[in-house]
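What follows is a short report on a single structure.
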Amino acid sequence: MTALAVTDLSKTFPLPRRLFGPARPGVRAVRPMSFTVESGETLGIVGESGCGKSTLARMLVGLLDPTTGHIEIAGKALDNADPAVFGRLIQYVFQDPISSLNPRKTIRQIMETPLKRLYGMEKAERTARIAEIFDSVNLREEFLDRYPHEFSGGQAQRIGIARALAASPRIIVLDEPVSALDVSVQAQVLNLMARLRDEFDLTYLFISHDLAVVEAVSDRVVVLYFGAVVEIGNAKTIFSAPKHPYTKLLADSAPVVGRPLTAPEQKGSELPDPLNPPPGCAFAGRCPRATQICRAEDPALRQMQEDQFAACHHPIES
Amino acid sequence: MSAFLRLLFRNRLAALGAVVLGAILLLVLAIPLLPLPDPDVIATADRFQPPFSEGHLLGTDHLGRDLLSRLLYGTRLSLAVGVVAALIAASIGSAIGIIAGYFGGRIDNIIMRGVDMLMAFPYILLALAIVAALGPGLLNALIAVAAVNIPFFARNIRGITAGLAQREFIDAARLAGLGHTRIILQELFPNVLPVIVIAMSTTVGWMILETAGLSFLGLGSQPPQADLGSMLGEARAALISAPHTSFVPGVMIFLIVMSVNLLGDGIRDALDPRLKSGALSRPLPMTQVRRRGDVPPATDDLLAIQHLETQFHVGKRIYRAVNRVSLAVKPGECLGVIGESGSGKSVTALSVMGLVSSPPGVITGGAVRLEGEDLLGAKYETLRAKRGEKVAYIFQDPLATLHPLYKVGHQLAEAIQVHHKPSDREARARALDLLKSVRMPNAESRLDNYPHEMSGGMRQRVGIAMALANDPEVIIADEPTTALDVTVQAQILALLDDLRRERGLAIVFITHDFGVVAQLCDSVAVMYAGRIVEQGPTDTVLNAPAHPYTKRLIACVPELGGGQRELAAIPGLPPVVDNLPEGCAFAPRCDKARDECRRGDIPLDGQAPRAVRCLFPEEPVT
């Protein structure tokens, strides 16, 4: 069953109007993209800073209105709905666990809000539900009367996950949930999330810049570059047999124990300028395989393998 | 709350203000109990009695009314009006500010332009206009004073709210089903309240003064009602012949406003989190050194950190951030220091050049030797001459370390001119060379860029160029690639590696990433809870880790190509370094720990260059 379907979703941030002269076109943070997520699946979303990961995530949970396109959750369209409706279907776990908790509220107050506002539960019912959730994320109930600053990053992130679970959503968007944590704690949180997915039959969208982490938790992976999907594929194969040269560059850049230090790209190239996007494929300027057509025509997402799609004029042959 | 009071009364002036204000308040509240004559009874026969005359402690005014009685009643009225005006201004102003800051956009624009217009008038003119429109009277004066002060609160609170409204917990509240009203009242307001209190405590005195000013002009309280301003106004005619009639209310206004302002400043200092965290105590130019015990003898290393102990003394607590750490590098060597947050790796690095902020940082033992010379015993001038010249740093976030208001070319030139005396042109030429040497694309045009005009990778190149500016012998790189994207990280690492080989630089590379260490470093030291737990050549440590912590930490790091899987984790948390367990700090999280592990001091043992601090190592260390 399809848990989430996104069709032609895009976001353009308008630029402030100039006093004189014509209106400017705006920054296209997310170009029209479509994908689906199956129920119970974990979809990894990778890309570098500025690729539109967070804009996409904020649109999915209703914190940002899309410019075009629509979002369907479990077959129901969710256009222009208010966050309270989104809240019961899809929740969000933030990158910075401490700053996502209100510093002046106790953990109990933070946990009670979604139960009260989304489900209108009574006091006794809320207490029981919070105890249940805290038990499943391995947090002690005595934490409930403390304030956020008393917790370490790992504990605070588990509280963030607990808050997301309190809304009993079907889908959780995890926006870099472990990048602020130490490695030894990162593994604790990732394993916890994997267990919760099975326990509560959740669907995850896992956003990260760390390829190894994404590969370890995801079923399928979407690679974003400059606001557009460049490749979608099975997590098992996408990094070992990439079709798009950018995916290959990402996979080759990750430092790995036992691989000698080589910069796969010495030119010092940067992301293209969002105010002045290049015609054609956005990656052409950095791509070793680029030809004339790449600089003129934006490639569409094409099926390359049974479960692998890439937007490239000259995909890598395996 | 008690901590707040203690902070408040540590400030002597604020305590004085509180005492004076308290005394005045007590007197004013006790009015019904005091044997005071009616303040409004006229006895023209007794006019202008001097102070200390019979029945009139402070004398009488031009109508023979008792001055003491009028003073106390007048003070009560002035205080009440001032405080009420402050409350009204604060509530309306804060409400406007919160709404403008939270919604932003057009609503913000319209509201704030309106507030700006209000501010464009001189305050006394505006107050006079309001009173002129409404007619004289104490209530109208109160309205005028409140209205005049609304913009101050609105602007202040809007700024704070606009910052808070971007925070993630507001998004989280929205997802938890809260509407705008609830988000403002339940999420924003508690966070803004301290700022409102601070703003109010510093303006109440001002508002009392403004009310008195309006009454002085005859626009506030109407005769016979006494308030401080009208008393002063009525006494004006007899300023020379009976000065005490002006003097008495004048002194009272002075006392009230002075005490309110002193107390208000004290409250602000005690409540403001930035000031509480020590911004008021200026850090010393170098870390304090209070070494006990012997200084270890010199070695032939380029940079040697020997039994370094750095602690943070906060109140009664002592945080042992770095506990007898020894590290050494030779020219052309790259040493990796790996550890989790709080393991002491950054403090070790900052201790080398005395950059740990003091107070609270204190170096309590050991030595740092550059070419044999002990830097910890050196004078500030000696140390400063070596900072950047011999030992340079590269930090994690170049956006935070580069000055936002200067062009990068200027900053690079400055880094050179601090130590050498080239002309501005030579310095600029050298800056250009440096940018080229870190392979900055379009180096020439980049010289005139501001830091915010560059991407993270570009900025870190500038950071590296700046570290190279004076051809240092040692570079200490503290997580230089953590904030960068992987493709950029690979470029920066390759650059550092080339520089080391070309220039014979020694690099101390601090990181939490094993992949980075494996690619760049010759040897590695693993830190846990302020101590080195394992060290050795990189290959050996990574392939055959001897300490259980190293072994399990390596297992925690997911590697590309492993597929979907359960990851290894280490249960528990690293200890806080002000309360370390006895014996091995890792014992509480270690599945091999036995009773011996929890006793005494466990030495760092092994044959150089390999060493491990464990009684039951995973691999024999010989």
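Quantities reported herein were computed from a predicted structural model and do not represent experimental measurements. First the proteins, then the strands, lettered A, B, ... as listed; each starts at 1.
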Heavy-atom pairs under 4.5 Å with chain B: which of A:N102, A:V214, A:V183 has the most?
A:N102
Check whether the ring centres of A:F151 and A:F143 lie less than 6.0 Å apart, and answer yes or no.
yes
Whatever's closer than 4.5 Å to a heavy atom in chain B on A:D96 counts as both
Honestly, the part of A:Q155 sitting under 4.5 Å from a heavy atom of chain B is side chain
Using non-hydrogen atoms only, which part of B:D513 is less than 4.5 Å away from chain A: side chain, backbone, both, or neither?
side chain
What part of A:A164 lies closer than 4.5 angstrom to a heavy atom of chain B: side chain, backbone, both or neither?
neither
Pairing of A:K53 and A:E48 as salt bridge, 4.0 angstrom limit
no
Portion of A:R58 that has a non-hydrogen atom of chain B nearer than 4.5 angstrom:
side chain
Heavy-atom cut-off 4.5 Å, strictly under: side chain, backbone, both or neither for A:A216 against chain B?
both
Contact part of B:A568 toward chain A, heavy-atom cut-off under 4.5 Å: side chain, backbone, both or neither?
backbone
Of B:D522, B:V524, B:L496, the residue whose pairing with B:C334 passes side-chain contact (heavy atoms from CB on, under 4.5 Å):
B:D522
Are the aromatic ring centres of B:H547 and B:Y528 under 6.0 angstrom apart?
no
Please list every donor-acceptor pair under 3.5 Å in which a side-chain atom of residues 165-175 of chain A meets a protein atom from a residue at least two apart or in another chain.
residue : atom : partner : partner atom : Å
A:S168  : OG   : A:R129  : NH2          : 3.2
A:D175  : OD2  : A:S54   : OG           : 3.3
A:D175  : OD2  : A:Y92   : OH           : 2.7

So how far is it from A:C51 SG to A:H209 NE2, rounded to the nearest 0.5 Å?
11.5 Å
Among A:G153, A:S218, A:A235, who wins on heavy-atom pairs under 4.5 Å with chain B?
A:S218
Go through the atoms of A:K236 and report whether side chain, backbone, both or neither lie under 4.5 Å from a heavy atom of chain B.
neither
Is B:D497 salt-bridged to B:R500, going by a charged N under 4.0 Å from an acidic O?
yes
Between B:P558, B:G342, B:A173, the one whose heavy-atom pairs under 4.5 Å with chain A are most numerous:
B:P558
Crowding at CD, B:E453 (>12 non-hydrogen neighbours, <6.0 Å):
yes
Please identify, among A:T237, A:N191, A:V189, the residue contributing the most non-hydrogen atom pairs under 4.5 Å to chain B.
A:N191
Counting neighbours of CZ on B:F189 that are heavy atoms of other residues, nucleotides or ligands and sit closer than 6.0 Å, is the number greater than 12?
no
Ion pair present between B:E187 and B:R182, side-chain N to carboxylate O less than 4.0 angstrom?
no
Is a side-chain N or O of A:R158 found less than 3.5 angstrom from the main chain of A:N138, in a donor-acceptor match?
yes
Max heavy-atom pairs within cutoff under 4.5 Å with chain B, candidates A:L101, A:L190, A:V185, A:T42, goes to A:L101
Most heavy-atom pairs under 4.5 angstrom with chain A, which of B:A555, B:G179, B:G572?
B:G572
Select one option (side chain, backbone, both, neither) describing which atoms of A:S240 are under 4.5 Å from chain B's heavy atoms.
neither
I'd like to verify something: which residue of B:R552, B:M440, B:H512, B:Q186 has the highest number of heavy-atom pairs under 4.5 Å with chain A?
B:Q186
Please flag which part of B:Q489 lies under 4.5 Å from any non-hydrogen atom of chain A: side chain, backbone, both or neither.
side chain
